[in-house]
Amino acid sequence: MTSLNQWLNQQPNQDLGALIDSLAQVCTEICTLVRRGPLAEFQGAAGNTNVQGEDQQKLDVITNDMLIAALKQTPSCRAIASEEMDHAIEANPNGQFLVVFDPLDGSSNIDINMPTGTIFSVLADLPDASLDDKFLQAGTKQLAAGYVLYGTATILALTLGSGTHFFCLDPATGVFELTESNVSIAAQTQEFAINASNQRFWEAPMQQYIAQCLAGAEGARGKNFNMRWVAAMVGDVHRILCRGGVFNYPFDHKDPSKAGKLRLLYEANPMGLLIEQAGGKCTTARQRILEIEPSSLHQRVPVVLGSLEEVNLIGELHRQFDAKKA
Ligand code: F6P
Ligand code: MN
């Protein structure tokens, strides 16, 4: 067995390794808290909304505070941004890394004992930029990205830009052990994930794609599809890393002020790097996510990610649609 610590010691950037180790440590504490379920007395709403206008759960706030406290004690961390904070905050003046995270993705799953997770992305500091602007870097610049899924087992999925790797937390020892190196997503799949309740708001090419999947063996695709929706991106992405598939949170017309539901810096970018490093693809249906130049900390983007063949087909349907409109 190779522990996360041993694995990080073999990586070229030791400072980055120490930062990842701090993140993994605090995630084991978050795991302990989440695992207590209703016994922790932290379930339910916190009574306030975050900058996105979403109701904050008590655990959103608590896990956010836990990550901040850990990163402030990690000298290499320069600044911190989070889904739960309007603006970035200082960590350590001499730090070289920026850490941006979603402290508890899928938090509507907390009260029903379903999976949640912590998603994180690490960037290099931009010394001359203001605090918020430091984080406005394209996803291609990420030095590391990962998530910890609090599911039936607790799994860390991690990339330092060279492959995506799984580590499973051993509850008996509190140590993350390497369980799969260089995860690889099958190019073909027969499984899709989308919140179908938004169907009437989707654009025509997404309607067309899902209609083809639903038509199954009798339709244009000539094969049957299955559908899954965990309601926590971290769970859907983990399934895709494990057995392929495609995840869509597409552009829709439900709220014209929002380009999509998911956030670029702490959801789409880290997941995009993990997916690409496993041989999959991550786009808005029209553009590679990792090449987007961010314009604000909490920017939203449409997300289409997973197996190559499906993401390419969805891209092609959008290209044809746009070409007809032009
Ligand atoms: O963080 C946003 C999020 O909770 C994702 O984890 C998840 O994929 C999505 O929203 C679920 O959205 P909906 O509630 O619309 O199904
Ligand atoms: Mn989230």
Side-chain angles (χ1 to χ4, degrees), residues 23 27 30 34 43 45-46 49-64 66-67 80-86 99-121 135 139 145-151 155 157 191-202 206 210 227-241 245-255 257-275 282-285 289 297-306:
L23 282 167
C27 287
I30 293 174
V34 170
Q43 293 200 320
T49 53
N50 65 14
V51 64
Q52 333 279 326
E54 295 164 345
D55 290 337
Q56 280 182 319
Q57 299 292 308
K58 287 180 196 155
L59 270 178
D60 286 329
V61 179
I62 292 163
T63 52
N64 192 55
M66 289 168 80
L67 281 152
I80 304 165
S82 156
E83 173 177 340
E84 305 303 334
M85 302 189 296
D86 296 10
V99 183
V100 53
F101 51 77
D102 177 350
L104 204 60
D105 177 62
S107 51
S108 70
N109 274 354
I110 297 167
D111 290 350
I112 54 168
N113 196 22
M114 291 294 133
T116 55
T118 300
I119 310 173
F120 59 87
S121 162
F135 289 87
Y147 60 75
V148 175
L149 169 66
Y150 313 113
I155 306 262
E191 199 160 68
F192 67 92
I194 196 162
N195 184 336
S197 70
N198 295 322
Q199 184 191 356
R200 65 192 184 283
F201 303 112
W202 301 336
M206 188 52 75
I210 296 297
M227 199 217 74
R228 286 287 184 272
W229 188 251
V230 177
M233 184 191 201
V234 72
D236 282 306
V237 169
H238 190 68
R239 184 188 61 257
I240 288 170
L241 285 170
V246 62
F247 168 89
N248 299 292
Y249 217 115
F251 175 83
D252 67 40
H253 297 103
K254 197 171 174 180
D255 180 349
S257 70
K258 294 177 183 169
K261 178 171 186 187
L262 300 174
R263 278 57 56 103
L264 175 61
L265 292 183
Y266 41 84
E267 292 178 322
N269 271 344
M271 294 312 200
L273 190 62
L274 288 163
I275 291 283
C282 178
T283 74
T284 63
I289 294 263
L297 216 47
H298 300 285
Q299 183 174 348
R300 293 175 192 264
V301 282
V303 174
V304 173
L305 62 77

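Heads up: numbering here begins at 1 and tracks the sequence. Heavy-atom basis, side chains included; hydrogens, waters and symmetry copies ignored. Since the model is a prediction, treat every value here as computed from it, not as a measurement. Note that ligands are numbered from 1 as they come in the structure, with each ligand's atoms numbered from 1 the same way.
Checked options Val246, Asn248, Asp236, Val304; the residue passing with Ile194 is Asn248 (criterion: side chain to side chain contact (heavy atoms under 4.5 Å, CB included)). Considering Asp102, Val100, Leu264, Leu273 as possible partners of Ser121, the one that fulfils the side chain to side chain contact (heavy atoms under 4.5 Å, CB included) test is Val100.
Considering only non-hydrogen atoms, atom 4 (O) of ligand 1 lies nearest to Gly106 out of Gly117, Gly106, Pro115. Which of Tyr249, Phe247, Trp229 comes nearest to atom 15 (O) of ligand 1 through a heavy atom is settled by distance: it is Tyr249. Closest heavy-atom approach to atom 16 (O) of ligand 1 within the set Leu262, Val237, Asn195: this belongs to Asn195.
Protein N/O/S atoms closer to the Mn ion (ligand 2) than 2.8 Å number 3 in this structure.
A donor-acceptor contact shorter than 3.5 Å links the side chain of Asp105 to the backbone of Val234. Judged by distance alone, the side chain of His238 and the main-chain N or O of Leu149 form no donor-acceptor pair under 3.5 Å.
In terms of polar-atom proximity, Glu267 is counted as a contact of ligand 1, with an N or O under 3.5 Å from an N or O of the ligand.
Note: His253 and Phe251 have perpendicular aromatic rings, judged against thresholds of 30 and 60 degrees for the angle between ring planes.
The aromatic ring centres of Trp229 and Phe192 sit 6.0 Å or more apart.
Applying the side chain to side chain contact (heavy atoms under 4.5 Å, CB included) criterion to Asp255, with sequence neighbours excluded, gives Ser257, Lys258.
Here is the list of ligand 1 atoms found below 4.0 Å of a heavy atom in Ala232: 6 (O), 8 (O). Residue contact check: Met233 has heavy atoms under 4.0 Å from atoms 5 (C), 6 (O), 7 (C), 8 (O) of ligand 1. Residue Arg263 has at least one heavy-atom neighbour below 4.0 Å for each of these atoms of ligand 1: 1 (O), 2 (C). Annotation for ligand 1: atoms under 4.0 Å from non-hydrogen atoms of Asp105 are 1 (O), 5 (C), 6 (O).
Of all heavy-atom pairs between Ala196 and Trp202, the closest is CA-CZ2, 4.0 Å. Heavy atoms only, all atoms of each residue included: Glu84 and Pro103 are closest at CG-CG, 3.6 Å.
The side-chain heavy atoms of Lys254 and Lys261, taken from C-beta on, include no pair separated by under 4.5 Å.
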